[in-house]
Peer 1: 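Handing you a structure now.
Both ligands and their constituent atoms are indexed starting at 1 by order of listing.
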Amino acid sequence: MNYDRILIRYGELSTKGRNRKIFVDKLRKTIQKALVHFPNTKIEAKRERMYVLLNGESPEEIIPLLKNIFGIQSFSPAMKLEREIDTIKEAALNMVSSIYNEGDTFKISARRADKSFSLDTGEINYLFGSHLLKNIPGLKVDVKNPVINVQIEVRSEAVYLSCENIAGAGGLPAGTSGKAMLMLSGGLDSPVAGYLTMKRGLELEGVHFFSPPFTSERAKQKVIDLSSKLANMNGGHFVLHIVPFTEIQQLIHKQIPENYTMTATRRLMLRITDELSKRQEALAIVTGESLGQVASQTLESMHAINDVTNTPILRPLIAVDKTDIIDIAKNIETHDISIRPYEDCCTVFVPSSPKTKPKKEKVQYYESFVDFEPMIKEAVEKTETIILKRDIILNSADTMDSLF
Ligand code: ATP
Ligand code: MG
C-alpha cells in the first residue's frame, strides 16, 4: 500500500491546556530522535495530532519505533487525498483490496472535522461502503467488530484515509514531568520502576552501586544492558552513573553490627544518590521497592532508610505483586537480562539475619562512630558516567554536553 504518512494521535496530553505546546514539542523532538535513521521523514506537528511524512521511507520499519514512544495514544499509516469523491473511492478500494482476505468484514468510520464538506458522516459511510461492497466480492459489513476498519477523516485541507489503528505506548512524552534519579540494581524490579515513571514523563538518570572485586564485570554489564533497554524508552538516551561502593561497604561491615549493615548500606546508597541528584539537578529518586518483598522493604525499614533525605522517593512498585512485575519486565524486554545469575553488591554482603524492623535511632547511633562524609564525597567524585544511546554506548561525561 502506498502510505505517505503516519497519523499520530496524542494521549492524555490533549487535556493539558496551556502546557499543550510544550508537550507537543517534546513529543515531536522524541519522534525526531527516534527516526534519525530515516532522513527523508518530516514531522508536521499540529494542535490536534501529528503527521510523520514518509517521503518514501518504509512504514514497516518506522512502526515498531513509534510503538515505544510515550505520549502517543495510537497511530495509523495513512494517505492524504484531495477532497474528491472519485479519488477517495479509488484509494479506499485499493487500500482495502491490498489487505483483504476471503470472508473479512469491514466498516467505514467517517469523521468530519470540517462540516462544510458536501457529505455528512452517514452519507460518507454509505457511499464508500457500498462502493467497496460492489467491487470486492465476499466482503461483508460488521459495524461492531470488523476485521478492517476504514477510517475516512475529512479535514479542511484534505481527506485522510487509513485502515489500521495501532496502539501506542500511552503515558506522557519523555521529559515533560522533569528529571529524577533511578536507583538501578541488576534485579527485576528497578528497571520496571524506571519504565513506569518514564511512562509518566520523567526523564531518568540511573545510579548503580558497584563493589568490585566482590561484584564482577558481568554484573556491571548486566546493568549497562538494562540501561540500553531503558534508553529506548527515555527518548533515545540514558545516562548511567556507576558508583564505586567497595570501600564504603567494607567499612560498614567493620563498624556496624551485622543485623544493621543492610539498613546502613541502604542509607549510604541513598545519601550518595541524593548528592548525585543535586549535581544533576534532579528532583526525586526512584526505587524498585515493593512493600514486604524483602527485609529492606518493610515499613520500618523504609522509615529508617528514608531518614537520610528529604528528597521525594518515588516507589512505583510499592503496591505491585511480584508476578505482575515479572509480566511487565517481560513486556519491556528487561526480564531476561535481569535474571542473569550475576551477583549484586547487596547480595554479596547480605547479612544472615537482617533486621526486618530496624530502629532509626539505633542505626543513627551506630553510624555516629564513623565519619562517612569524606567517603561519600570521594564516591561521588569517582563515579563513572556512561551514556547509552539507542543501541550505542558513548563513554565518559564529556560527551554529555552535546546531548542536552
Ligand atoms: P531489584 O529487583 O530492583 O534489585 P530487589 O527486590 O532486589 O529490587 P532490594 O535489593 O531490596 O530489592 O533493592 C531495593 C531497591 O534498592 C532496588 O529496587 C533498587 O532501586 C535499589 N538498589 C538495590 N541495589 C542497588 C544497587 N546495587 N545499585 C543501585 N540501586 C540499588
Ligand atoms: Mg536486587
Peer 1: Which atoms from ligand 1 have a heavy atom of Val207 less than 4.0 Å away?
Peer 2: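 Once the distances to Val207 are compared, the set is 29 (C).
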Peer 1: Numbering the atoms of ligand 1 from 1, which are under 4.0 Å from a heavy atom of Thr287?
Peer 2: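 Those atoms are 20 (O).
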Peer 1: With a 4.0 Å cut-off, would you call Lys355 and Glu258 a salt bridge?
Peer 2: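 Judged by the 4.0 Å cut-off on N to carboxylate O distance, Lys355 and Glu258 do not form a salt bridge.
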Peer 1: Quick check on contacts: which atoms of ligand 1 are under 4.0 angstrom from a heavy atom of Phe209?
Peer 2: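 Selected atoms, number and element: 26 (C), 27 (N), 28 (N), 29 (C).
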Peer 1: State the atoms of ligand 1, each with its element, that fall below the 4.0 Å cut-off from a heavy-atom position in Leu188.
Peer 2: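 The list of qualifying atoms is 2 (O).
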Peer 1: Any chance you could measure Ile43, atom CD1, to Thr30, atom OG1, to the nearest 0.5 Å?
Peer 2: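 So the CD1 of Ile43 and the OG1 of Thr30 are separated by 9.0 Å.
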Peer 1: Looking at Arg5 and Glu57, is any side-chain nitrogen of the basic one under 4.0 Å from a carboxylate oxygen of the acidic one?
Peer 2: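 Result for this pair is no, no salt bridge flagged.
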Peer 1: Working to the nearest 0.5 Å, report the span between CD1 of Ile272 and CZ of Arg267.
Peer 2: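 Taking CD1 in Ile272 and CZ in Arg267, the distance rounds to 13.0 Å.
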Peer 1: Do we get Arg112 above Phe117's six-membered ring, with its NZ or CZ under 6.0 Å from the centre and within 45° of the axis?
Peer 2: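 Ring-cation test returns no.
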Peer 1: Nearest 0.5 angstrom please: Leu119 CG to Leu127 CG, how far?
Peer 2: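 The distance works out to 6.0 Å.
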Peer 1: Tell me the nearest of Arg266, Met269, Met262, Met181 to atom 16 (O) of ligand 1, using heavy-atom distances.
Peer 2: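 Shortest heavy-atom distance from atom 16 (O) of ligand 1: Arg266.
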Peer 1: Of all the atoms in ligand 1, which lie at a distance below 4.0 Å from a heavy atom belonging to Gly187?
Peer 2: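 Listed by number with element: 1 (P), 2 (O), 4 (O).
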Peer 1: When you compare ligand 1 with Pro191, is there at least one nitrogen or oxygen pair between them that comes in under 3.5 angstrom?
Peer 2: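 Min N/O separation from ligand 1 is not below 3.5 Å for Pro191.
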Peer 1: Need the ligand 1 atom indices (1-based, order shown) with element for anything under 4.0 Å from a heavy-atom of Gly288.
Peer 2: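 Once the distances to Gly288 are compared, the set is 17 (C), 18 (O), 20 (O).
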Peer 1: Flag the pair Lys115 and Asp120 as a salt bridge only when some basic side-chain nitrogen lies within less than 4.0 angstrom of an acidic carboxylate oxygen.
Peer 2: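 A salt bridge is absent here (no side-chain N lies under 4.0 Å from a carboxylate O).
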Peer 1: Among Glu289, His241, Gln297, which one puts a heavy atom closest to atom 12 (O) of ligand 1?
Peer 2: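 Of the listed residues, Gln297 has the closest heavy atom.
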Peer 1: Short N/O distance, under 3.5 Å, between Asp189 and ligand 1?
Peer 2: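 For ligand 1, there is an N or O atom that lies under 3.5 Å from one belonging to Asp189.
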Peer 1: Could you tell me whether Leu184 approaches ligand 1 through its side chain, its backbone, both or neither, with non-hydrogen atoms closer than 4.0 Å?
Peer 2: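 The answer is the backbone.
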Peer 1: Strictly by modelled atom types, are Glu164 and Ser76 linked by a side-chain donor-acceptor pair under 3.5 Å?
Peer 2: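 There is no such pair (donor and acceptor under 3.5 Å, judged by atom type) between the side chains of Glu164 and Ser76.
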